[in-house]
Amino acid sequence: MKTWLIATLALAAAGAQAQGQDPLKAAVAADNRLVGNVARDASRHPYETLSFFGVKPTDTVVELVPGGGWFTEILAPYLRDAGQLYAADGGGARFKAKMDSMGVYGKVKITTFDPAKGLFDIAPPGSADVVLTFRNVHNWMNGGKAQDVFNAAFKALKPGGTLGVEEHRLPASRAQDAKAPSGYVQEAVVIKFAEAAGFKLAGRSEVNANPKDTADHPEGVWTLPPTYALKDKDRAKYQAIGESDRMTLKFVKP
């Protein structure tokens with residue numbers, strides 16, 4: 001990022017705080033975010049989701065598998081001055097390139113996280129205030145590593161720390177495949193993983209609910225936007241449904 005843009009972001013954040021504005025809203029509105037990512041705010045509800053999880057600008061936060069960095073674009077500037085963001089990424093080249101592209105990401109620490117190889121050092125033990133995962137649990141189930149990941153989150157958190165989970169939701173009336181090939185997971189299954197690790201359920205939010213999503217699509221959750229796995233086939237139908245119905249759960253480490 002250009003020096004002038006870093007300075008602009010810093011001044012904007014300072015100005016927002018001086019005027020009593022919400023620094024999280026400032027981070028959501030920051031101009032380091034890609035236009036395509038901003039366009040999905042109406043479906044992903046970043047401000048409401050992070051507010052529900054209680055993420056503060058002074059927190060040490062671990063983001064599990066940030067992928068292309070959708071939430072990282074918000075968390076990095078939000079935590080830059082007084083907090084710390086760990087990106088438990090597994091060393092993906094695309095994510096590393098993004099972190100190198102702008103100075104606002106300069107404080108983000110990338111940690112080694114590769115469940116398939118048994119690597120779970122997401123942050124120093126007992127160092128994190130918050131661990132966040134967005135739409136990843138089905139992948140860990142598919143690899144048979146979900147419980148290991150929840151255990152790693154518990155280890156990384158301080159006592160009283162928060163685990164925030166957002167995941168595509170399978171209705172309780174439908175059978176859960178242990179490998180979650182559709183990308184959908186029952187709330188009860190996620191809660192079971194968390195409680196087995198030692199967490200206590202602290203709250204549920206319906207901010208990411210979508211009652212139009214029937215969770216029974218030909219290509220699973222990837223049938224829906226933004227992936228559109230069927231390409232142009234029935235695209236208008238799936239566009240009208242929108243992004244998936246998702247649980248948003250908050251857990252606490254006692």
Going from CG on Asp114 to NZ on Lys145, what distance comes out if it is rounded to the nearest 0.5 angstrom? 10.0 Å
Phe95 to Ala87 - nearest heavy-atom pair and separation: CE2-CB, 3.5 Å
If we count only N and O atoms by modelled type, under 3.5 Å, do the side chains of Asp121 and Tyr86 hold a donor and an acceptor together? no
Gap between atom CD1 of Ile74 and atom CG of Asp41 - 0.5 Å precision: 6.0 Å
Taking the side chain as every heavy atom from C-beta outward, state whether His168 and Asp245 have any pair of such atoms under 4.5 Å apart. no
Would you sort out whether Leu249 and Val190 count as a side-chain contact (heavy atoms from CB on, under 4.5 Å), showing the intermediate values? CA-CA 9 Å; Leu249 305 177; Val190 172; 3.9 Å; yes
Heavy-atom pair with the smallest gap, counting every atom of Val38 and Arg33: CG2-CB, 3.7 Å
Find out whether the Lys NZ or Arg CZ of Arg135 is both under 6.0 angstrom from the six-membered ring centre of Trp70 and within 45° of the ring's axis. no
If you define the side chain from C-beta out and look only at heavy atoms, does anything of Val165 sit under 4.5 Å from Phe150? yes
Quick one: do Ile191 and Val252 end up in the same hydrophobic cluster if we chain Ile, Leu, Val, Met, Phe, Trp and Tyr together by side-chain heavy atoms under 4.5 Å apart? no
Between Asp22 and Tyr47, a side-chain donor and acceptor under 3.5 Å: yes
Just wondering, do Asn32 and Pro77 contact through their side chains at under 4.5 Å, heavy atoms? yes
Examine distances only and state if a side-chain atom of Lys253 and a backbone atom of Phe199 form a donor-acceptor pair shorter than 3.5 Å. no
Please report the closest heavy-atom contact between Leu170 and Ala175, naming both atoms and the distance. CD2-O, 3.5 Å
Shortest non-hydrogen contact from Ala88 toward Pro66: O-CD, 3.7 Å
Would you please classify the geometry between the Tyr238 ring and the His217 ring as parallel, tilted or perpendicular, with 30° and 60° separating the classes? perpendicular
Interatomic distance, Ile110 atom CD1 to Glu63 atom CD [nearest 0.5 angstrom]: 11.0 Å
From the list Arg44, Arg40, Lys98, salt bridge (Lys or Arg N to Asp or Glu O under 4.0 Å) with Glu73 holds only for Lys98
For the residue pair Tyr105 and Met99, what are the closest heavy atoms and their distance? CB-O, 3.5 Å
When rounded to the nearest 0.5 Å, the distance separating NZ of Lys233 from OG1 of Thr223 is 10.0 Å
Note, Leu132 side chain near Leu75 side chain (heavy atom, < 4.5 Å): yes
Between Gln176 and Val185, does the side-chain contact (heavy atoms from CB on, under 4.5 Å) criterion hold? Intermediate values first, please. CA-CA 7 Å; Gln176 175 73 68; Val185 181; 3.8 Å; yes
Sidechain-backbone polar pair: Asp234 side chain, Lys237 backbone, donor-acceptor under 3.5 Å: no
Tell me which pairs pass side-chain hydrogen bond (donor to acceptor under 3.5 Å, both in side chains) where either residue lies in residues 193-212, with sequence neighbours left out. His45-Asn208, Thr49-Asn208, Arg169-Glu206, Glu187-Arg204, Asn208-Arg246, Asn208-Thr248
Determine which pairs satisfy side-chain hydrogen bond (donor to acceptor under 3.5 Å, both in side chains) with at least one residue from residues 152-163, sequence neighbours left out, and list them in order. Asp129-Lys158
Please work out whether the ring planes of Phe71 and Phe134 are parallel, tilted or perpendicular, with thresholds of 30° and 60°. parallel
Between Asn142 (side chain only) and His138 (backbone N and O only), is there a donor and an acceptor less than 3.5 Å apart? no
Treating Ile, Leu, Val, Met, Phe, Trp and Tyr as nodes and any side-chain heavy-atom pair under 4.5 angstrom as an edge, say whether Val207 and Tyr78 lie in one connected cluster. no
If you round to the nearest 0.5 Å, how far is CD of Gln147 from CE of Met141? 11.0 Å
Would you find a donor on one side and an acceptor on the other, under 3.5 Å apart, between the side chain of Arg174 and the backbone of Ala215? yes
For Val61, is there any backbone N or O sitting under 3.5 Å from a side-chain donor or acceptor partner on Asp59? no
Tell me if a side-chain donor or acceptor on Asp213 pairs with a main-chain N or O of Ser244 at a distance below 3.5 Å. no
Quick check: do Tyr228 and Gln239 have side-chain heavy atoms less than 4.5 Å from each other? yes
Strictly distance-based, threshold 3.5 Å: is any side-chain N or O of Glu243 a donor or acceptor partner for the main-chain N or O of Ser43? no
Taking side chain as C-beta onward, heavy atoms only, is Lys107 less than 4.5 Å from Leu85? no
Qualifying residue for side chain to side chain contact (heavy atoms under 4.5 Å, CB included) with Leu163, from Val131, Val130, Val62: Val131
Got a donor-acceptor contact below 3.5 angstrom from the Asn136 side chain to the Leu64 backbone? yes
Is there a path of hydrophobic side-chain contacts, each under 4.5 Å between heavy atoms, that joins Leu201 and Met247? yes
State, with a plain yes or no, whether a side-chain heavy atom of Thr112 is found less than 4.5 Å away from one of Phe120. no
Is it the case that the side chain of Ser51 and the backbone of Glu48 share a donor-acceptor pair, with hydrogens and angles ignored and the cut-off at 3.5 Å? no
Any non-hydrogen side-chain atom of Val65 less than 4.5 Å from a side-chain atom of Phe113? yes
Any donor-acceptor pair under 3.5 Å linking the side chain of Thr227 with the backbone of Ala229? no
What is the distance from atom CH2 of Trp140 to atom CZ of Phe193, rounded to the nearest 0.5 Å? 10.5 Å
State, to 0.1 Å, how close Pro181 and Trp222 come at their nearest heavy-atom pair, and which atoms those are. O-CZ3, 3.2 Å
Following the transitive rule for hydrophobic clusters with a side-chain heavy-atom cut-off under 4.5 Å over Ile, Leu, Val, Met, Phe, Trp and Tyr, establish whether Leu119 and Val149 coincide in one cluster. no
For the hydrophobic clusters of this structure (ILVMFWY residues joined by side-chain heavy atoms under 4.5 Å, transitively), does one cluster hold both Tyr184 and Val137? no
